[in-house]
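As C-alpha cells, the structure follows; a few thoughts come after it.
As a basis for the values below, the full set of heavy atoms in this structure was taken, side chains included, without hydrogen atoms, waters or symmetry mates.
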Amino acid sequence: SGEGENTACAAAFARLTIQPPLLLPAPSLGIAISSPEIIQVLNNIKAPYNISTPTASLALRALSPTGLSLFRRNIQTLLENRQFLLTELPKLDGIVGILGANEANFVLAQVGNSRTRVPDNVKAKRAYTHMAEEDKVVVRFRGTEYGCEGALRITVGTREECERVLEKLRLVLRDDE
C-alpha cells in the first residue's frame, strides 16, 4: 500500500458558459480524477445521471485544440485585467485596501475613509446600491462577511468593463466624500 493512495482523489468542476446576451444558466460538468479503486467507490455511491448531449458537445468543443487555445487566451486576458484593477483601484479616493490573495476572477476592494484608512460598510453599501441602481454596474457588497468590512467584490471583466467600473466607482466615491 503506497502512501497517500487512498487520498489521491481530486475533484474539478468545469463550468461551460453560454455568453450573454442569452443570459442562460451555464451547464456544469463535474469530473473526478483518482485511482481506479477510488473512482469505483465514487461510482458505487453516486446517484445515476447522464450527461446531456448538449453538455457533452460543449465539453468536447471546450477541450479541443481550438477551445483550449481560447481558454489560454481568456486566462491571459483575465490575469492582465486583474492586474490592471489591482493597480488602479488603490489610486481611487475612498479605496482603503485590497483584500485576499487575488488569485481569482475577482478583486475585493475595501471602501472607507481616505484620510483614516478605516473601512466603512455604510459607504461601501451606498456605493454598491448607487452603482447597481443608477449606473447599472454590478459589484457585490461583501461588508457583512467575516474579515470583509467595507468590501466590494469586483469581477474581472474585459478591459472596457474594468475601466467602466473604475470610472463609476471614482464618481460615486468622490460624491460620497
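Under the 4.0 Å criterion applied to side-chain N and carboxylate O atoms, Glu145 and Arg142 are assigned as salt-bridge partners. Between Arg170 and Glu167, at least one side-chain N (NZ, or NE/NH1/NH2) sits under 4.0 Å from a carboxylate O, which counts as a salt bridge.
The backbone N or O of Pro54 lies less than 3.5 Å from no partner atom in the side chain of Ser57, so there is not a single donor-acceptor pair. In this structure, Thr87 contributes its side chain and Gln83 its backbone to a donor-acceptor pair below 3.5 Å. Listed for the Asn121 side chain is a donor-acceptor partner under 3.5 Å among the backbone atoms of Gly150. Asn113 places a side-chain N or O within 3.5 Å of a backbone atom of Arg115 that can act as its donor or acceptor partner. With hydrogens and angles ignored, the 3.5 Å screen pairs a side-chain donor or acceptor of Gln110 with a backbone N or O of Glu149.
In the hydrophobic clustering of ILVMFWY residues, with side-chain heavy atoms under 4.5 Å counting as a link, Val96 and Phe141 come out apart. Grouping the Ile, Leu, Val, Met, Phe, Trp and Tyr side chains by contacts below 4.5 angstrom, directly or via other members, places Val111 apart from Leu108. In the hydrophobic clustering of ILVMFWY residues, with side-chain heavy atoms under 4.5 Å counting as a link, Leu86 and Leu99 come out apart. Linking Ile, Leu, Val, Met, Phe, Trp and Tyr whenever their side-chain heavy atoms come within less than 4.5 Å puts Phe71 and Leu79 in one cluster. Under the 4.5 Å side-chain heavy-atom criterion for Ile, Leu, Val, Met, Phe, Trp and Tyr, Phe84 and Leu92 are members of the same hydrophobic cluster.
Distance CZ/Arg174 to OG/Ser114: 13.0 Å, rounded to 0.5 Å. Remark: Arg82 CZ to Thr155 OG1 distance equals 12.5 Å, nearest 0.5 Å. The distance from atom CZ of Arg164 to atom OG1 of Thr158, rounded to the nearest 0.5 Å, is 10.5 Å. For the atom pair His130 NE2 and Leu169 CG, the distance stands at 11.5 Å (nearest 0.5 Å). Interatomic distance, Ile75 CD1 to Asn105 CG, rounded to the nearest 0.5 Å: 9.0 Å. To the nearest 0.5 Å, atom CD of residue Glu163 and atom CG of residue Asn81 are 8.5 Å apart.
Put simply, the side chain of Val165 does not reach to within 4.5 Å of the side chain of Lys168, judged on heavy atoms. Contact check for Arg126 versus Val122: side-chain heavy atoms found under the 4.5 Å cut-off. Counting only heavy atoms from C-beta outward, the side chains of Val107 and Asn102 approach each other to under 4.5 Å. Side-chain contact between Thr66 and Leu70 is absent, with no heavy atoms from C-beta onward closer than 4.5 Å. For the pair Gln76/Arg72, no side-chain contact is recorded, criterion being any heavy-atom separation below 4.5 Å from C-beta on.
Just one of Leu166, Leu152, Leu173 meets the side-chain contact (heavy atoms from CB on, under 4.5 Å) condition when paired with Ile95; it is Leu173.
By the 6.0 Å and 45° rule, Arg140 does not stack over the aromatic ring of Tyr128.
Using modelled atom types and a 3.5 Å distance limit, the side chains of Ser69 and Arg73 yield a donor-acceptor pair.
More than 12 heavy atoms of other residues, nucleotides or ligands sit less than 6.0 Å from atom CZ of Arg159.
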